[in-house]
Amino acid sequence: MNLTTMLLISLMISTLLILISFWLPQLYPDTEKLSPYECGFDPLGSARLPFSLRFFLVAILFLLFDLEIALLLPLPWASNLKTPTETILLTTTILLLLTLGLIYEWSQGGLEWAE
């Protein structure tokens, strides 16, 4: 296939996907999607409702371990450097610190949702 045919096919596919993405969600509007807030809080209620501190702690722990994945993403490229032992040492240190933090949170009961 030549370049013109490939460009025409990719243009047709992208146009079709754009049209489907604008047309499909309007078929079945959900009451939750139509509300101004999708977070589960009642927008007409009081703004001073108590917030679960355990939920906040679990959310922070999730962000922490999500950040760990972002720190370990360059590992395959870093292992090709001149000193792979330094890379392995730093990676082991990160994983060890996070594992010790997880063990501490687990032992303190921070991961228990209900008491």
Side-chain angles (χ1 to χ4, degrees):
M1 284 202 253
N2 58 11
L3 182 64
T4 309
T5 307
M6 293 296 286
L7 286 174
L8 185 63
I9 289 173
S10 63
L11 183 66
M12 286 174 34
I13 290 174
S14 61
T15 305
L16 179 70
L17 289 175
I18 288 172
L19 289 175
I20 288 174
S21 71
F22 280 117
W23 173 67
L24 193 61
Q26 295 174 359
L27 290 179
Y28 306 107
D30 189 15
T31 56
E32 290 296 323
K33 289 290 185 181
L34 293 176
S35 71
Y37 302 105
E38 295 181 17
C39 61
F41 292 113
D42 183 20
L44 301 176
S46 173
R48 302 289 181 212
L49 292 175
F51 187 72
S52 173
L53 197 56
R54 291 206 181 266
F55 176 78
F56 181 73
L57 179 65
V58 170
I60 292 296
L61 286 174
F62 173 76
L63 288 175
L64 177 71
F65 285 102
D66 198 33
L67 179 65
E68 169 211 355
I69 293 171
L71 288 174
L72 294 177
L73 273 177
L75 183 62
W77 292 281
S79 62
N80 292 329
L81 294 175
K82 293 179 183 175
T83 57
T85 55
E86 182 181 354
T87 304
I88 291 172
L89 179 68
L90 291 174
T91 303
T92 307
T93 305
I94 290 172
L95 288 176
L96 184 66
L97 282 173
L98 287 170
T99 304
L100 289 175
L102 179 65
I103 291 170
Y104 177 75
E105 285 293 328
W106 199 339
S107 68
Q108 294 296 316
L111 299 177
E112 299 293 326
W113 191 255
E115 294 184 24

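Atoms considered below: every heavy atom in the structure, side chains included; atoms not considered: hydrogens, waters and symmetry mates.
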Exercise for the section: Have a look at T15 and tell me which of I18, L17, L11, I13 forms a side chain to side chain contact (heavy atoms under 4.5 Å, CB included) with it. Expected result: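 Considering I18, L17, L11, I13, a side chain to side chain contact (heavy atoms under 4.5 Å, CB included) with T15 is found only for L11.
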Completion exercise
So CG of L64 and CD of E105: to nearest 0.5 Å the spacing works out to 9.0 Å
Practice task
Working to the nearest 0.5 Å, report the span between CG of L67 and CG of L72.
Solution key: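 Answer for the CG-CG pair, L67 versus L72, is 9.5 Å.
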Problem - Qualifying residues under side chain to side chain contact (heavy atoms under 4.5 Å, CB included), relative to T85, sequence neighbours excluded - result: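 If we apply the side chain to side chain contact (heavy atoms under 4.5 Å, CB included) test to T85, skipping adjacent residues, there are no hits.
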When the side chains of residues 90-97 are checked against the rest of the protein, which donor-acceptor pairs come out under 3.5 Å, sequence neighbours left out?
unit_1, atom_1, unit_2, atom_2, d
T91, OG1, T87, O, 2.8
T92, OG1, I88, O, 2.6
T93, OG1, L89, O, 2.7

Handout entry: Exercise: identify the closest heavy-atom pair between F65 and L102
Key = CZ-CB, 3.7 Å
